[in-house]
Visitor: 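Before anything else, here's the structure in question.
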There are 2 protein chains.
Amino acid sequence: MQRKIPQSNLYLREEELRRGIELLYFAYRDFTRDPDKILAESGFGRAHHRVLYFVGRNPATTVSGLLKLLRITKQSLSRVLGQLVEDGYIDQQPGTTDRRQRLLHLTEKGRDFEKQLFASQRERVARAYKTAGPDAVAGFWEVLLNIVDESEREIVLRQIEK
Amino acid sequence: MQRKIPQSNLYLREEELRRGIELLYFAYRDFTRDPDKILAESGFGRAHHRVLYFVGRNPATTVSGLLKLLRITKQSLSRVLGQLVEDGYIDQQPGTTDRRQRLLHLTEKGRDFEKQLFASQRERVARAYKTAGPDAVAGFWEVLLNIVDESEREIVLRQIEK
DNA sequence: TTATTATGTCAACAACGCTGACATAAATAG
DNA sequence: CTATTTATGTCAGCGTTGTTGACATAATAA
């Protein structure tokens, strides 16, 4: 330590940190634009998207599983989940070993809708990946993962390695 | 075209696209957590943060300048900007050439507060940069920039190269 | 049997997007 | 010089989505 001061640390200057902060803001803003538009047409919002997305990715997940993954209150989740169940996008089955649980699955309608939402983001992300190239994409993942709370990283890793 | 199918395109499979989508969600969620906490203590929200941030980064910007950068309605902006002005975080001066304009500046109070907010994100981002390394960071920027709407990329580039 | 857990529900509140309508002062065009 | 456009502000209302707090039920676990 203290031996050599690597010039590469220049990328840790305020300027570069602000660049990351700004790009994260702008990218996230536009990243949510396409699905938001589709959702609005069906009378849903971004929160519905998340539930559809993660139920689709984690079939037979439970309510508490979703709560841990999303880190929102059960009241918030209950509102959107209830609507999705009522409108036939998600279906609930009592757990087999623990009958208090509600195992969540997308219905066919839910799968179709999720596909549509995914497609709207897929294009944007695929284009960005293609333009930037595989090495950049690896860096993109790496930095994002390290921005996640350390206490959450386990959960996130388990999710993205599905 | 069609000659060789590069195996590197594997990184464009659904799995890798979903990984980006998920990491973007989790990282953004946690990325906003620290400032949100500080903001709440002062009775502000995320929207106030953005205004403070971009006024700080673009001294003497105008209301319409902010509107173009943030892409929200003037009514939304007006609400938060008004509070920040009233509470003494931002100060308005009539434009010199065009007296209809309100040139926006952070006050000292505003600068102090913005520094505090920035510090809370700086740590997180700096740690992520350090862990991932400079090449990863370059990729992170590159992919994020390409996720931004093409029509907005000019504006974003101008911003991040300040 | 008692305590804990998984889930749900009712109510209220705040932040922050949005639309729509109207107002004023200053700049600019004809 | 008048008419239009521009920069900004304001009032009112609405929808989504997060929050807290309190209470309820059924099933599991101690």
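Lettering of chains follows the sequences in order, A, B, ..., and the numbering in each one begins at 1.
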Visitor: Side chain of A:Lys74 only, heavy atoms from C-beta on: which candidate in C:dG8, D:dT6, D:dT8 is closest?
Guide: C:dG8
Visitor: In whole Å, what is the span from the CG atom of A:Leu52 to the C1' atom of D:dT17?
Guide: 15 Å
Visitor: Provide, to the nearest angstrom, the distance between the CZ atom belonging to B:Arg102 and the C1' atom belonging to D:dG9.
Guide: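 In whole Å, D:dG9 C1' lies 7 Å from B:Arg102 CZ.
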Visitor: Test B:Ile147 against every option in A:Phe26, A:Tyr28, A:Phe140 by the side chain to side chain contact (heavy atoms under 4.5 Å, CB included) rule and name the one that passes.
Guide: A:Phe140
Visitor: Could you go over nucleotides 14-17 of chain C and give all protein N or O partners under 3.5 Å, atom names and distances?
Guide:
unit_1: C:dC16; atom_1: OP1; unit_2: B:Arg46; atom_2: N; d: 2.4
unit_1: C:dC16; atom_1: OP1; unit_2: B:Ala47; atom_2: N; d: 2.7
unit_1: C:dC16; atom_1: OP2; unit_2: B:His48; atom_2: ND1; d: 3.3
unit_1: C:dG17; atom_1: OP1; unit_2: B:Arg50; atom_2: NH1; d: 2.8
unit_1: C:dG17; atom_1: N7; unit_2: B:Arg79; atom_2: NH2; d: 2.5
unit_1: C:dG17; atom_1: O6; unit_2: B:Arg79; atom_2: NH1; d: 3.3

Visitor: For A:Leu103 and D:dA27, what is the distance between atoms CG and P respectively, to the nearest whole Å?
Guide: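 Rounded to whole Å, this separation is 15 Å.
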Visitor: Of all the nucleotides listed (C:dT7, C:dA26, D:dG9), which has the minimum atom distance to the side chain of A:Thr62?
Guide: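 Among the listed nucleotides, the one closest to the side chain of A:Thr62 is C:dT7.
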Visitor: So, do A:Tyr53 and B:Tyr25 have ring centers that fall under 6.0 Å from each other?
Guide: no
Visitor: Can you tell me if the side-chain N/O atoms of A:Ser64 get under 4.0 Å from OP1 or OP2 in C:dT7?
Guide: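 A:Ser64 to C:dT7 OP1/OP2: side-chain N or O found under 4.0 Å.
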Visitor: Tell me: CD of B:Gln93 to C1' of D:dT8, nearest whole Å?
Guide: 17 Å
Visitor: When rounded to the nearest 0.5 angstrom, what is the spacing between CG in B:Leu106 and CG in B:Asn58?
Guide: 10.0 Å
Visitor: Starting at the 5' end of DNA chain D, which residue's closest nucleotide do you reach first, A:Gln75 or A:Thr97?
Guide: A:Gln75
Visitor: Take the protein atom CG of B:Leu81 and the nucleotide atom P of D:dT8, then report the distance between them rounded to whole Å.
Guide: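 Atom CG in B:Leu81 sits about 10 Å away from atom P in D:dT8.
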Visitor: Determine: side-chain N/O of A:Arg100 to OP1/OP2 of D:dT25, distance under 4.0 Å, yes or no.
Guide: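 No, A:Arg100 has no side-chain N/O under 4.0 Å of OP1/OP2 on D:dT25.
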Visitor: Can A:Glu114 and B:Arg18 be counted as an ion pair, charged N to O under 4.0 angstrom?
Guide: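 Yes, this pair counts.
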Visitor: Does any N or O in the side chain of A:Arg102 come within less than 3.5 Å of the main-chain N or O of A:Val63, such that one atom is a donor and the other an acceptor?
Guide: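 No: the side chain of A:Arg102 does not pair with the backbone of A:Val63.
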Visitor: Rounded to whole Å, please give me the gap between CG in B:Asp36 and C1' in D:dT19.
Guide: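 Interatomic distance, CG of B:Asp36 to C1' of D:dT19: 12 Å.
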Visitor: Rounded to the nearest Å, what distance is computed from the CZ atom of residue B:Arg99 to the P atom of nucleotide C:dT24?
Guide: 18 Å
Visitor: Please give, in whole Å, the distance from D:dT6 P to B:Leu67 CG?
Guide: 15 Å
Visitor: Only counting residues at least two apart or in another chain, list the ones meeting side chain to side chain donor-acceptor pair (under 3.5 Å) with B:Tyr129.
Guide: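 Side chain to side chain donor-acceptor pair (under 3.5 Å) check on B:Tyr129 returns B:Trp141.
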Visitor: Using a strict threshold of under 4.0 Å (side-chain N to carboxylate O), is an ion pair present between A:Arg33 and A:Asp30?
Guide: yes
